[in-house]
Amino acid sequence: MGSAEVDKHTPPSDKHKDKSKDKDRKHDKEERKQGKEDRKHSKEDKKVDKEEKKKGKDKVKDKAEKNQHVEVKNEPLSEDDDVPLASRSFSQTSQDSEDDDQPLAFRKKIKTEVKAEKPVKRKAEDMVVDDEDDYASSKKKNKKGKEEKKGKAAATANGASPTKRVKKEKKEEEETWKWWEEEKHEDGVKWKSLEHKGPVFASDYEPLPGNVKFKYNGKEMKLSTAAEEVGSFYAAMLDHDYVTKDVFNKNFFKDWRKFMTHSEKEIITDLKKCDFTYMLTYFKAKSEEKKNRSKEEKQQLKAENEETVKEYGWCIIDGHKQRIGNFKIEPPGLFRGRGDHPKMGMVKRRVMPEDVIINCSKGTAPKPPPGHKWKEVRHDNTVTWLASWTENVQGQVKYIMLNSASRLKGEKDWQKYEIARQLKDSVEKIRETYKEDWKSKEMKIRQRSVALYFIDKLALRAGNEKDEDQADTVGACSLRVEHISLHEQKDGKQCVVVFDFLGKDSIRYYNEVPVEKRVFKNLQIFMENKKPGDDLFDRLNTTIMNKHLNDLMEGLTAKVFRTFNASNTLQEQLDKLTDPKSSVTEKILAYNRANRAVAILCNHQRAVPKTFAKSMENLQKKIDTKRETIEDAEKSYKDLKKEAKKTGSAAAKIAAGKKEKQVEKLKEQLMKLEVQATDREENKEIALGTSKLNYLDPRISVAWCKKNDVPIEKIYNKTQRDKFQWAIDMAGPEFVF
DNA sequence: CTTTCAACTTAGCAATCTTGGG
DNA sequence: CCCAAGATTGCTAAGTTGAAAG
């Protein structure tokens with residue numbers, strides 16, 4: 001399945017999230033809203049009124065606050081909305097410097113501990129991976145050579161060579177922990193020991209210099225720090241599309257007023273009368289300045305960043321030092337929702353230590369920044385996060401978690417693909433079952449089976465129900481009547497279903513799919529007597545679906561189909577497209593094409609790069625000149641050959657031979673360029689990264705590389721190799737998904 | 001049962017870094 | 001050496017899922 005559909009995703013002309021189409025959609029939207037209202041009532045006011053909802057949320061907040069105890073005193077959070085962003089002053093810089101003294105000892109200790117442990121862990125099987133290591137280290141050596149040159153330059157400038165030192169240390173850390181050869185934790189336990197330094201907070205707001213003005217109604221006005229900070233969030237976005245949107249402006253202004261002083265509130269009543277342009281100009285100048293910094297400054301800055309990574313970017317989990325994924329707390333700013341988000345423009349508050357829950361081993365809690373306290377310190381080893389806080393716009397919990405190269409993430413990833421492979425074994429039976437269910441007398445079962453068919457055939461997402469205060473997007477279970485249209489005949493095909501809806505991230509999904517007659521009939525029935533805004537599968541939701549799936553196979557959920565479908569397609573396409581006799585370049589094109597088939601299946605799109613046309617043009621130019629060069633070279637080769645024949649001189653023969661080789665080389669270069677052009681053109685509006693990172697069993701790619709003598713780094717960059725270390729190590733050329 | 005919550009994966013875009021050609 | 005195109009990384013929003021609460 002899949003491969004046949006793969007190419008059919010191409011809609012007539014405008015398959016992509018054409019943002020320009022938003023306007024056209026607005027009309028539909030009104031209708032949908034109407035439909036939604038109807039739905040709401042027909043479903044007996046499932047959705048609580050806003051008023052009530054708010055109450056509910058407050059309740060939740062109360063509860064959360066009651067929950068904070070342990071190790072730290074309860075500091076009642078003041079009504080968050082009204083706290084000016086900068087009201088709690090806390091100097092990041094002073095914290096940094098203070099922490100710098102102590103942690104050093106801390107850091108050192110970590111290092112020696114880790115080092116001491118490693119040699120013991122390394123076993124004989126390490127030989128297997130040694131190729132990799134060799135390659136990596138030789139590459140590093142190269143890099144180091146370069147670095148050293150740079151380092152020298154820096155040395156002359158700084159009197160020291162910081163780069164060199166940093167590099168060396170990096171190398172030491174590089175020794176990999178082969179967690180995949182170790183025993184797993186018992187169920188539910190995620191770690192035995194966990195120690196870290198806590199998150200890094202956003203730096204304090206720096207008030208604007210006095211000469212950067214804000215004008216209201218044409219008159220200069222000095223804003224209070226809090227109002228200025230929030231205002232500057234908006235100012236910085238003045239060039240962005242967002243500020244043309246009503247919802248954005250309305251939300252921003254409403255929230256902004258909460259940060260104003262009483263008198264500011266009285267004066268500033270209309271966003272349209274606000275003039276932020278001086279602020280924007282100032283920000284632009286500043287970023288320009290930043291760009292033009294001297295080399296020394298840039299190096300210095302880089303070194304400082306590396307220093308914070310070294311200090312806060314790592315944790316020790318079960319005795320191993322592992323990288324943290326996002327150790328920085330999100331800075332305050334304006335919420336940028338994707339698509340038509342009702343909350344866009346709202347102010348995302350500054351997060352303080354008092355908002356943050358720390359999770360770690362007992363007795364190892366990091367110190368909060370001076371003058372502050374953590375909201376709570378807990379020691380829950382059934383979860384993987386190191387710190388968390390609740391974000392104020394959507395009320396969601398945000399987490400600090402490990403990097404994808406870590407054991408915790410890798411093990412889960414591995415397990416995910418193992419489940420997908422299990423599905424491969426039982427998918428045929430499952431398909432038989434749901435096809436049988438298309439005939440069921442029970443509506444619920446028939447809806448379920450049709451939805452499952454979509455999930456399986458089209459790799460649609462499950463499609464949870466969404467609240468009114470989120471962008472309106474759908475997936476399989478939440479499709480509405482308006483999202484599909486049925487055509488008995490279309491382009492010479494029978495029983496065609498046309499899908500047109502916004503999925504995750506408001507990315508448009510458009511697809512014309514011929515389906516089995518039975519499915520078609522069922523859809524007709526499901527749509528009977530319904531309005532466009534009504535649910536297509538009104539007796540179905542993701543919980544029902546997943547429960548059913550779990551009965552079919554342990555661990556099976558809707559998203560496993562996506563993983564399975566993607567990985568399976570890659571395997572099939574690779575088998576089909578790879579010519580063992582072709583060059584590495586061509587093999588890589590084949591790989592990219594297989595990858596692309598998956599991306600199309602999963603609807604992973606991207607905006608056409610802004611520079612696409614130009615870069616294509618450049619490439620074409622290069623190809624043309626290369627062709628000319630080849631022509632010339634061939635001509636002179638012929639001449640040389642003639643000459644050699646005529647004179648019979650050895651020198652001439654050698655010259656001819658040289659020319660011949662040159663021609664060959666040039667031809668190969670041309671081929672590479674042409675392949676590159678094809679690849680790029682085909683990739684214009686498709687994003688390969690997401691599937692590569694999240695859906696394709698890395699062992700398929702690793703095996704393919706090994707089998708076809710393609711170096712792994714042609715397929716995976718450094719980060720990806722780190723993430724998939726387990727697969728690189730364990731998959732041999734014989735692996736099949 | 002329905003709703004809410006917590007935890008974790010998946011997603012595209014923006015910012016930043018690297019590279020390679022002039 | 002410089003610059004822009006291209007590649008990589010960072011960021012954080014938006015999904016899925018299972019469990020708890022109501």
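Here is the naming used below: chain letters follow the sequence lines, and residue numbers restart at 1 for every chain.
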Worksheet item: Base, sugar-phosphate, or nothing for A/Tyr399, non-hydrogen atoms under 4.0 angstrom?
Response: base

Practice prompt. Between B/dT16, C/dA5, C/dT17, spot the one nearest the side chain of A/Ser615, thanks.
Written response: C/dA5

Practice prompt. Quick one: label A/Lys547 by what it contacts on the DNA or RNA (base, sugar-phosphate, nothing), any heavy atom closer than 4.0 Å.
Written response: nothing

Practice prompt. Check whether any side-chain nitrogen or oxygen of A/Asn717 sits under 4.0 Å from OP1 or OP2 of C/dT8, and answer yes or no.
Written response: yes

Practice prompt. May I ask you to say what A/Gly475 touches in the nucleic acid, namely base, sugar-phosphate or nothing, with a heavy-atom cut-off under 4.0 Å?
Written response: nothing

Worksheet item: Going by the salt bridge (charged side-chain N to carboxylate O under 4.0 Å, His left out) test, which pairs reach into residues 382-397 of chain A, not counting sequence neighbours?
Response: none

Worksheet item: Does A/Lys416 put a side-chain nitrogen or oxygen below 4.0 Å from OP1 or OP2 of B/dC8?
Response: no

Worksheet item: For A/Ala471, which contact category applies under a 4.0 Å heavy-atom criterion: base, sugar-phosphate, or nothing?
Response: nothing

Item to complete: Look at the aromatic rings of A/Phe499 and A/Phe501 and report parallel, tilted or perpendicular, splitting at 30° and 60°.
Response: perpendicular

Worksheet entry | Value in whole Å for how far the P atom of B/dT9 lies from CE of A/Met401 | 7 Å

Discussion item. With a 4.0 Å cutoff (strictly under), does any side-chain N or O of A/His341 reach OP1 or OP2 of C/dA13?
Written reply: no

Practice prompt. Over 60° means perpendicular and under 30° means parallel, so classify the ring planes of A/Tyr234 and A/Phe252, tilted if in between.
Written response: parallel

Worksheet item: Within less than 4.0 Å of OP1 or OP2 of B/dA11, is there a side-chain N or O belonging to A/Tyr695?
Response: yes

Worksheet entry | Contact nearer the 5' end of DNA chain C, comparing A/Arg680 with A/Thr543 | A/Arg680

Practice prompt. Indicate yes or no: does A/Asp472 engage A/Arg480 in a salt bridge with an N to O separation below 4.0 Å.
Written response: yes

Fill in: Spacing between A/Lys348 atom NZ and C/dA13 atom C1', to the nearest angstrom
9 Å

Practice prompt. Rounded off to whole Å, could you give me the CG-to-C1' distance for the A/Asn546 and C/dT16 pair?
Written response: 8 Å

Item to complete: Could you tell me how the ring of A/His341 sits relative to the ring of A/Phe335: parallel (under 30°), tilted (30 to 60°) or perpendicular (over 60°)?
Response: perpendicular

Practice prompt. Starting from the 5' end of DNA chain B, give me the residue, A/Val397 or A/Asn541, whose nearest nucleotide shows up first.
Written response: A/Asn541

Practice prompt. With heavy atoms under 4.0 Å as the rule, sort A/Lys559 into base, sugar-phosphate or nothing.
Written response: sugar-phosphate

Discussion item. From C-beta outward on A/Lys328, which listed nucleotide comes closest to its side chain: C/dT12, C/dC11, C/dG18?
Written reply: C/dC11

Worksheet item: With respect to the phosphate group of C/dA5, does any side-chain polar atom (N or O) of A/Lys614 fall under 4.0 Å of OP1 or OP2?
Response: yes

Worksheet item: Between A/Lys190 and A/Asp380, is the closest basic N to carboxylate O distance under 4.0 Å?
Response: no

Fill in: A/Gly325 or A/Thr473, whichever maps to the more 5' nucleotide of DNA chain C
A/Gly325

Worksheet item: With respect to the side chain of A/Trp385, which nucleotide from B/dC8, C/dT16, B/dA11 is positioned closest?
Response: B/dC8

Discussion item. Between P on B/dA7 and NZ on A/Lys190, what's the gap in Å once rounded to a whole number?
Written reply: 10 Å

Response to the item:
Winner on side-chain proximity to A/Asp505, out of C/dA14, C/dT16, C/dA5, is C/dA14

Worksheet item: Does the side chain of A/Lys504 get closer than 4.0 angstrom to OP1 or OP2 of B/dT9 through an N or O atom?
Response: no

Discussion item. In whole Å, I'd like the distance from the CZ atom of A/Phe561 to the P atom of B/dT10.
Written reply: 16 Å

Item to complete: Using a 4.0 Å heavy-atom cut-off across all strands, classify A/Arg338 as base, sugar-phosphate, or nothing.
Response: base

Worksheet item: If you draw a 6.0 Å radius around NZ in A/Lys290, do more than 12 non-hydrogen atoms from other residues or ligands fall strictly inside?
Response: no

Practice prompt. Output the single nucleotide from B/dA6, C/dT12, B/dC8 whose closest atom is nearest the side chain of A/Thr384.
Written response: B/dC8

Discussion item. Closest approach to the side chain of A/Lys409, judged atom by atom: which nucleotide of B/dC13, C/dT16, B/dC8 is it?
Written reply: B/dC8

Worksheet item: Between A/Asp380 and A/Ser691, which is nearer to the 5' end of DNA chain B once each is assigned its nearest nucleotide?
Response: A/Asp380

Discussion item. Quick check on C/dT17: is either OP1 or OP2 less than 4.0 Å from any side-chain nitrogen or oxygen of A/Thr557?
Written reply: yes

Worksheet item: To the nearest angstrom, how far is A/Asn305 atom CG from C/dG10 atom C1'?
Response: 12 Å

Practice prompt. Would you indicate which nucleotide in B/dT9, C/dT12, B/dT10 comes nearest to any side-chain atom of A/Asn326?
Written response: C/dT12

Discussion item. Under 4.0 Å from OP1 or OP2 of B/dA11: is there any side-chain N or O of A/Arg461 that close?
Written reply: yes

Worksheet item: On a plain distance test, is the side chain of A/Lys398 in donor-acceptor contact with the base of C/dT12 below 3.5 Å?
Response: no

Practice prompt. Check every strand shown and say whether A/Gly689 touches a base, only sugar-phosphate, or nothing at a heavy-atom separation below 4.0 Å.
Written response: nothing

Worksheet entry | A/Pro331 side-chain proximity, nearest of B/dA11, B/dC8, C/dT12 | C/dT12

Worksheet entry | Atom pair distance, as rounded to whole Å: CZ in A/Arg336 and P in B/dA14 | 7 Å

Practice prompt. Assign the ring pair A/Trp414 / A/Trp179 to parallel, tilted or perpendicular, where the plane angle (0 to 90°) is split at 30° and 60°.
Written response: tilted

Fill in: Shortest side-chain distance from A/Asn464, nucleotide among C/dT8, C/dT17, C/dA14
C/dT17

Worksheet item: When you measure from the side chain of A/Val383, which nucleotide among B/dA11, B/dC13, B/dC8 comes out closest?
Response: B/dC8

Fill in: Distance, rounded to the nearest Å, where A/Arg606 contributes CZ and C/dG6 contributes C1'
10 Å

Practice prompt. Tell me whether the OP1 or OP2 atom of C/dA14 has a side-chain N or O from A/Gln394 closer than 4.0 Å.
Written response: yes

